[in-house]
2 protein chains.
Amino acid sequence: MAADGTALPAKGRSRIQERNRTRILDAALDVFSAHGFRGATLDQIAERAGMSKPNILYYFDGKEAIHVALLGALMETWIAPLRALGQTAEPKAALMDYIHAKLEMSRTMPRESRLFANEILQGAPRMGPHLESELKPLFDEKCALIRGWVSTRRIAPIDAEHFLMTIWAVTQHYADFEAQIDTLVPRDAHWARARRHVDAVFAPMLEPGAD
Amino acid sequence: MAADGTALPAKGRSRIQERNRTRILDAALDVFSAHGFRGATLDQIAERAGMSKPNILYYFDGKEAIHVALLGALMETWIAPLRALGQTAEPKAALMDYIHAKLEMSRTMPRESRLFANEILQGAPRMGPHLESELKPLFDEKCALIRGWVSTRRIAPIDAEHFLMTIWAVTQHYADFEAQIDTLVPRDAHWARARRHVDAVFAPMLEPGAD
DNA sequence: TCTGTTTTTTACCATTTGGTCAAGGCACGA
DNA sequence: TCGTGCCTTGACCAAATGGTAAAAAACAGA
């Protein structure tokens with residue numbers, strides 16, 4: 001067995017293997033994000049993927065392997081905006097770009113957001129290593145970057161760590177708590193309002209005036 | 001069977017009944033908040049409560065009834081701060097008090113926060129009615145209150161609905177994503193930092209200067 | 001077409017889990 | 001002391017669920 005959660009050797013995957021693995025992972029994203037790990041069943045995933053359960057177990061070593069593979073595959077996508085933070089624009093614009101990118105991800109990738117939210121909520125039992133090895137260094141690096149901007153007075157004095165977490169909280173909330181939002185606020189122009197709102201929240205925070 | 005999720009008549013509960021129901025609900029809060037509804041088992045709840053599984057089913061009609069009873073019992077506690085919003089202080093102080101109360105709840109009641117987060121994340125299958133009948137009217141009322149403050153220039157112009165949701169997002173994030181926070185930021189003085197941070201985030205937003 | 005390999009399915013299995021039942025304690029008033 | 005009614009439990013059950021085995025089917029190369 002290979003190390004990436006597949007029952008097949010990773011080398012030289014055929015067209016059909018690639019296609020079926022993708023279909024399984026997409027179906028699994030549907031089911032895991034909607035019901036959490038324990039709440040999801042292989043039968044649900046199989047049905048969503050249009051395959052039989054044993055066939056799914058032909059491509060993956062088991063339920064847990066699918067979940068781990070999914071988290072691993074999506075981790076990079078998920079943290080890509082943070083990785084890009086500060087690569088191009090000047091500080092204030094860079095942070096606003098990051099915030100917009102995160103909000104856009106909540107809009108276009110709510111399943112991914114909920115997948116990670118479920119995992120973290122329940123203590124990150126299968127993602128602890130990923131967090132430690134991939135997110136932590138990146139997080140520390142960007143916090144240092146932000147602290148640099150603060151110390152050179154390019155942005156207002158903010159707590160870098162908590163500021164980043166606040167960005168996550170606000171933007172991901174739109175995906176993770178969608179069920180609640182749907183019952184509380186009207187759907188029309190929802191995302192345009194959200195966008196204006198986060199601008200109104202974060203942009204003034206960054207102005208180096210109230211130092 | 002009674003309507004509140006108990007297998008016993010609600011009238012005239014004995015001392016021991018009250019005590020055991022409380023013990024069961026507390027154990028259930030532990031387990032449901034940590035694993036979600038599907039992830040929790042009656043055996044886990046029974047062990048945590050120090051009772052046998054059939055005994056638990058003597059007090060409640062089933063797993064789902066426990067969950068519903070729990071949500072119902074905690075709903076009022078959970079929305080109490082919102083209910084109190086604007087009852088005493090002037091607008092800006094009232095909102096800051098609310099924010100502080102919510103942050104304090106994340107610190108002292110993380111289990112409750114995660115219980116609700118789990119439920120909402122998975123589409124609020126068992127809480128839809130509660131949301132609609134209890135939270136929605138209160139939410140609308142407080143939004144109107146905030147809009148009034150905005151229109152009379154007592155606070156800065158903000159989107160009332162999204163502002164409240166942002167408060168929830170930021171404060172509850174500290175409880176719901178604790179596992180992630182623990183791996184990313186140092187634990188010492190954590191809550192003091194969080195408190196200073198939310199002050200720095202929200203207080204400037206309310207100053208009616210940038211109109 | 002023949003042959004070996006990959007893919008898919010049918011039939012099954014073992015465990016977990018929500019829930020039931022009938023019998024056994026246990027407190028308390030008569 | 002004896003019932004009587006509330007409380008508790010051991011034994012059990014049926015369904016759901018993760019997973020397996022082996023054979024059938026599809027496919028690729030010669």
K.L.:
Looking at B:F163 versus A:H197, is the centre-to-centre ring distance below 6.0 Å?
P.N.:
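No, too far apart.
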K.L.:
Within this structure, what is the CZ-to-C1' distance between A:R21 and C:dT6, rounded to whole angstrom?
P.N.:
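One finds 16 Å between C1' of C:dT6 and CZ of A:R21, rounded.
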K.L.:
What is the distance from CG of B:L57 to C1' of D:dC13, rounded to the nearest Å?
P.N.:
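One finds 14 Å between C1' of D:dC13 and CG of B:L57, rounded.
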K.L.:
To the nearest Å, how far apart are A:F60 CZ and C:dT7 P?
P.N.:
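Computing the A:F60:CZ to C:dT7:P distance gives 13 Å.
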K.L.:
Assess whether one donor atom and one acceptor atom, taken from the side chain of A:K63 and the base of D:dG19, lie less than 3.5 Å apart.
P.N.:
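Checked by distance alone, the answer is no.
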K.L.:
Measure OH/A:Y59 against P/C:dT9 and give the value in whole Å, please.
P.N.:
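Rounded to the whole Å, the gap is 10 Å.
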K.L.:
Identify whether any heavy atom of B:A40 sits under 4.0 Å from a base atom; if not, whether one sits that close to sugar-phosphate; answer base, sugar-phosphate or nothing.
P.N.:
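Touches sugar-phosphate only.
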K.L.:
Would you list the pairs meeting side-chain hydrogen bond (donor to acceptor under 3.5 Å, both in side chains) in which at least one residue belongs to residues 29-40 of chain B, sequence neighbours left out?
P.N.:
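Listed once each, the pairs are B:D30-B:R48, B:D30-B:R111.
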K.L.:
Quick check for you: among C:dG19, C:dT9, D:dG10, whose closest atom lies nearest to any side-chain atom of B:K53?
P.N.:
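Comparing C:dG19, C:dT9, D:dG10 against the side chain of B:K53, the answer is C:dG19.
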K.L.:
Whole angstroms only, please: what is the CE-P distance between B:M51 and D:dT8?
P.N.:
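Interatomic distance, CE of B:M51 to P of D:dT8: 6 Å.
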K.L.:
Ignoring backbone atoms, test whether A:S52 places a side-chain nitrogen or oxygen under 4.0 Å from the OP1 or OP2 oxygen of C:dT9.
P.N.:
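Checking C:dT9 against A:S52, a side-chain N or O does come within under 4.0 Å of OP1 or OP2.
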K.L.:
From CG of B:N20 over to C1' of D:dT8, roughly how many Å is that when rounded to an integer?
P.N.:
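From B:N20 CG to D:dT8 C1': 10 Å.
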K.L.:
Kindly confirm or rule out a cation-pi arrangement of A:K92 over A:W149, judged by NZ or CZ under 6.0 Å from the six-membered ring centre and within 45° of its axis?
P.N.:
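Judged by the rule (NZ or CZ under 6.0 Å from the ring centre, within 45° of its axis), A:K92 is not positioned above A:W149.
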K.L.:
Students often get this wrong, so: under 4.0 angstrom with heavy atoms, is B:T41 touching a base, only sugar-phosphate, or nothing?
P.N.:
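Result for B:T41 = sugar-phosphate.
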K.L.:
Got a sec, which residues hit salt bridge (Lys or Arg N to Asp or Glu O under 4.0 Å) with A:E104, two or more places apart in sequence or on another chain?
P.N.:
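With sequence neighbours excluded, A:E104 shows a salt bridge (Lys or Arg N to Asp or Glu O under 4.0 Å) to A:R107, given in chain and number order.
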K.L.:
Whole angstroms only, please: what is the NE2-P distance between B:H67 and C:dG19?
P.N.:
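After rounding, the reported distance stands at 13 Å.
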K.L.:
So, does A:R38 get its side chain near the phosphate of C:dT17, meaning an N or O under 4.0 Å from OP1 or OP2?
P.N.:
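Yes, A:R38 has a side-chain N/O under 4.0 Å of OP1/OP2 on C:dT17.
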K.L.:
Ignoring backbone atoms, establish whether B:Y58 has a side-chain N or O less than 4.0 Å from OP1 or OP2 of D:dT9.
P.N.:
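It does not, given that no N or O in the side chain of B:Y58 lies less than 4.0 Å from OP1 or OP2 of D:dT9.
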K.L.:
Output the rounded distance in Å from NE2 (A:H35) to C1' (D:dT17).
P.N.:
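One finds 15 Å between C1' of D:dT17 and NE2 of A:H35, rounded.
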K.L.:
For D:dC6, does OP1 or OP2 lie under 4.0 Å from any side-chain N or O of B:Q17?
P.N.:
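It does not, given that no N or O in the side chain of B:Q17 lies less than 4.0 Å from OP1 or OP2 of D:dC6.
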K.L.:
If you measure from NZ on B:K102 to CD1 on B:I167, what distance do you get to the nearest 0.5 Å?
P.N.:
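CD1 of B:I167 is found 9.5 Å from NZ of B:K102.
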K.L.:
Counting only side-chain N and O atoms of B:N55, is one of them less than 4.0 Å from OP1 or OP2 of D:dG10?
P.N.:
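False: B:N55 side-chain N/O out of range (4.0 Å or more) of D:dG10 OP1/OP2.
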